[in-house]
Amino acid sequence: MDALLPVIKPGIVHSPASTLRDHTFLFFGSGRPVKNWNPIRIPKLMKVKAEAHKQVSTASSAPSIDFSDPDWKSKYEQDFEARFNIPHITDVFPDAVPYPSTFCLKMRTPVSQDFAEGYPSDEKWHGYISKNDRVLLKVIRYSSPTSAGAECIDPDCTWVEQWVHRAGPREKIYFKPEEVKAAIVTCGGLCPGLNDVIRQIVITLEIYGVKKIVGIPFGYRGFSDESLAEMPLSRKVVQNIHLSGGSLLGVSRGGPSVSEIVDSMEERGINMLFVLGGNGTHAGANAIHEECHKRRLKVAVVGVPKTIDNDILLMDKTFGFDTAVEEAQRAINSAYIEAHSAYHGIGIVKLMGRSSGYIAMQASLASGQIDICLIPEVPFNLHGPHGVLSHLKYLLETKGSAVVCVAEGAGQDFLEKINATDASGNIILGDIGVHVQQETKKYFKGVGFPADVKYIDPTYMIRACRANASDGILCTVLGQNAVHGAFAGYSGITVGICNTHYVYFPIPEVIALPKIREKDCQLQKDSGSLCKFREKDCHYSSSPPIFEVYSIHSASSALTCEQ
């Protein structure tokens with residue numbers, strides 16, 4: 001896919017880590033609080049103001065907000081509104097004619113084949129969403145930048161309302177259902193809930209009256225590979241696909257160029273495209289939207305964020321994450337039983353999480369059986385008097401066993417860099433789980449301390465299963481709202497859940513940065529932002545040392561090492 005450059009986010013002042021009372025810590029180890037805390041002080045972080053943009057491929061750095069300007073707040077609000085404005089068909093076709101919606105709960109059976117006339121009813125249905133409805137993006141009004149987890153626009157923590165578009169069915173639609181050919185594509189890796197989203201998109205399209213629905217096999221590759229035929233979809237085809245994991249359509253990484261994809265869409269007559277995938281997939285979806293815009297094609301491109309790692313910016317949660325955490329409990333429980341049943345047993349579990357440790361962290365919290373949780377956001381040492389291995393020895397001496405959970409992206413500094421990427425452009429990571437296992441065995445053999453190390457890697461098991469009830473509901477509503485957005489005439493958008501409400505975001509805003517701050521700091525620095533760099537090591541002055549796991553509330557969570 002064509003490369004997509006990063007976009008700079010708006011100016012934000014982040015809270016420094018000041019005192020223990022500013023944060024909630026969860027301890028794994030002896031379970032006792034540690035005295036003499038002195039968390040690393042983190043300076044305030046100011047990011048440069050973002051230029052209102054529609055094309056993310058031309059990101060540029062904008063000057064910082066001038067807080068001496070008495071009108072800076074209103075200017076910031078205008079800038080935010082411009083950036084979060086969602087593209088519409090009328091941007092290209094100002095004279096596009098809207099039609100009465102064919103989505104109405106009052107009547108399901110059309111009185112004629114002319115769907116564009118809507119479902120006549122004597123009683124007006126009040127189930128539609130106004131195009132002016134908004135959802136508040138930030139709901140906490142911080143009084144000070146020193147408040148726990150504070151995100152402030154200016155040093156005084158001035159409250160500025162930030163509104164985003166509410167998702168849902170509109171009273172007017174911009175596509176005649178009988179003229180729609182909708183396509184669904186799933187890209188990247190597997191994720192619990194893919195079939196649930198596919199199913200709901202198809203069902204909702206049929207409710208609108210769409211007859212031509214197809215699935216593109218094996219990601220974007222299906223647009224160019226002549227050996228891969230599109231798959232006709234209907235309610236009868238998708239009725240029970242949510243009862244199993246995986247993707248009915250198959251997945252793959254990479255694919256043809258944007259121009260080739262749009263050429264294929266034109267040839268096939270596709271005018272609605274639903275893209276299920278992560279950041280890279282959404283970058284491709286936005287590029288497809290821009291290419292359709294450039295060619296003046298009346299096409300709606302709508303994304304549904306899919307990442308098991310839960311690392312999509314601005315979203316409360318992405319589908320598949322809850323299921324993955326639940327499934328990870330099986331591996332953690334097995335590791336605990338192995339460790340607890342052995343003499344000086346150590347169970348090590350590696351879970352998914354390339355650049356954010358949400359799965360490892362939440363699984364550790366849910367299980368209550370993890371002694372050490374290692375995640376990409378928090379640097380750590382394996383060796384040394386205050387390292388992980390030394391702490392493991394202490395755990396064996398005091399409680400007889402230990403269980404370690406490590407995210408796949410943690411501790412990459414310890415591994416040899418291979419400078420290779422996969423088809424999606426992701427850096428291929430070293431296997432930190434195997435490294436921790438091997439170093440643990442060598443350490444205990446070297447000190448003459450008997451230890452029985454068991455290693456469990458359920459990486460693909462946690463993403464290949466069927467979605468649980470929580471994710472099933474999330475997938476259902478996401479799929480419905482993706483179709484509502486397309487029929488409402490929006491394109492270049494993605495649907496997500498924000499502060500418990502379903503919303504539409506312009507794609508550039510959710511792929512601008514990952515849902516963490518540290519890993520791509522150099523990338524932000526190169527783009528003009530100021531970055532916060534932390535100490536590499538955590539030092540312990542108390543005995544016994546206890547590892548911490550913290551709750552990641554947002555991209556701006558303060559990260560500290562215990563001492």
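Residues K172 and Y99 have side chains not in contact (no heavy-atom distance under 4.5 Å, counting atoms from C-beta outward). Side-chain contact check for W163 versus V135: every heavy-atom pair is 4.5 Å or farther apart. Between F103 and F487 the shortest side-chain heavy-atom distance does not fall below 4.5 Å. A 4.5 Å side-chain heavy-atom check between I216 and L249 finds every atom pair outside the cut-off. A 4.5 Å side-chain heavy-atom check between P192 and R466 finds every atom pair outside the cut-off. Side-chain contact between R253 and F218 is absent, with no heavy-atom pair separated by less than 4.5 Å. When side chains are defined from C-beta on, H484 does not count as touching Y490, because their heavy atoms never get closer than 4.5 Å. Between Y502 and L474 the shortest side-chain heavy-atom distance falls below 4.5 Å.
Under a 3.5 Å cut-off, the side chain of N481 and the backbone N or O of V495 do not form any donor-acceptor pair. Within the 3.5 Å criterion, the main-chain N or O of A467 finds no donor-acceptor partner in the side chain of T323. K306 places a side-chain N or O within 3.5 Å of a backbone atom of C187 that can act as its donor or acceptor partner. Between the side chain of R141 and the backbone N or O of K138, no donor-acceptor pair lies under 3.5 Å. A donor-acceptor pair is defined here as one N or O able to donate and one able to accept, closer than 3.5 Å; no such pair exists between the side chain of S101 and the backbone of I173. No side-chain donor-acceptor contact under 3.5 Å links Q162 to the backbone of L136. Remark: side-chain polar atoms of S147 are paired, donor with acceptor, to backbone N or O of S144 under 3.5 angstrom. One N or O on the side chain of E206 and one on the backbone of R235 form a donor-acceptor pair closer than 3.5 Å. Counting only distance, with no hydrogens or angles, the side chain of T186 and the backbone of L276 share no donor-acceptor pair below 3.5 Å. At distances below 3.5 Å, not a single donor-acceptor pair connects side-chain atoms of D225 with backbone N or O atoms of R221.
For C475 against Q200, the heavy-atom pair with the smallest separation is O-CB, 4.4 Å. Shown here for P305 and F319, the closest heavy-atom pair between the two residues is O-CE2, 3.2 Å. Counting all heavy atoms, side chain and backbone alike, G496 lies closest to L478 at CA-CD2, 3.9 Å. In terms of heavy atoms, I507 sits closest to A285 at CD1-CB, 4.1 Å. Scanning both residues, P145 and A150, for their nearest heavy atoms gives O-CB, 3.7 Å. When all heavy atoms of G357 and A407 are compared, the pair lying nearest together is CA-CB, 4.4 Å.
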Let me see the working for Y358 and V325 under side-chain contact (heavy atoms from CB on, under 4.5 Å), right down to the final yes or no. CA-CA 9 Å; Y358 284 95; V325 170; over 6 Å; no
Apply side-chain contact (heavy atoms from CB on, under 4.5 Å) to residues I288 and L273 and explain how you reach the verdict. CA-CA 10 Å; I288 293 169; L273 178 63; 4.1 Å; yes
Stepwise side-chain contact (heavy atoms from CB on, under 4.5 Å) test for L297 and V262: CA-CA 10 Å; L297 301 176; V262 178; 3.8 Å; yes
How far apart are the C-alpha atoms of I129 and R170, what are their side-chain angles, what is the distance that settles it, and do they pass the side-chain contact (heavy atoms from CB on, under 4.5 Å) test? CA-CA 5 Å; I129 300 295; R170 268 51 172 177; 3.6 Å; yes
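Checking Y220 against E260 by side-chain atom types alone, no donor-acceptor pair falls below 3.5 Å. Judged purely by distance below 3.5 Å, without hydrogens or angles, the side chains of Y174 and H88 never pair a donor atom with an acceptor atom. Side-chain polar atoms of D156 and T158 form no donor-acceptor pair below 3.5 angstrom. A donor and an acceptor atom, one from each side chain of T318 and T307, are nowhere located under 3.5 Å apart.
Separating the CG atom in L233 from the CG atom in L248 is a distance of 6.5 Å, to the nearest 0.5 Å. In this structure, the separation between CD on E230 and NZ on K181 is 3.5 Å, given to the nearest 0.5 Å. In this structure, OG on S247 lies 4.0 Å from CD1 on I198, to the nearest 0.5 angstrom. Here CG of D196 is found 8.0 Å from CG of D471. Values are rounded to the nearest 0.5 Å. Distance CG/D316 to CG/N310: 9.0 Å, rounded to 0.5 Å. With rounding to the nearest 0.5 Å, the separation of OG1 in T494 from NE2 in H282 is 2.5 Å.
Electrostatic pairing of E178 and K211 does not count as a salt bridge here, judged by no charged N lying under 4.0 Å from a carboxylate O. Salt-bridge annotation for K75 and D79: absent, with no side-chain N of the basic residue lying under 4.0 Å from a carboxylate O of the acidic one. A salt bridge between E266 and R295 is present, with a side-chain N of the basic residue lying under 4.0 Å from a carboxylate O of the acidic one. Between D309 and R354 there is no salt bridge, since no side-chain N of the basic residue sits under 4.0 Å from a carboxylate O of the acidic one.
Shown here is Q239, whose CD atom has more than 12 heavy atoms of other residues, nucleotides or ligands within 6.0 Å. Residue-environment remark: NZ (K298) exceeds the threshold of 12 foreign heavy atoms within 6.0 Å.
Under the 30°/60° scheme for interplanar angles, the aromatic rings of H293 and H289 are found to stand perpendicular. The aromatic rings of Y76 and W72 sit perpendicular, their planes meeting at an angle over 60°, well past the 30° parallel limit.
Looking at V210, N271, V299 one by one, the single match for side chain to side chain contact (heavy atoms under 4.5 Å, CB included) with F175 turns out to be N271.
Annotation: cation-pi pair R296/F93 present, NZ/CZ under 6.0 Å from the ring centroid and within 45° of its normal.
For C157, the disulfide bond (SG atoms under 2.5 Å apart) test picks out C152, with sequence neighbours left out.
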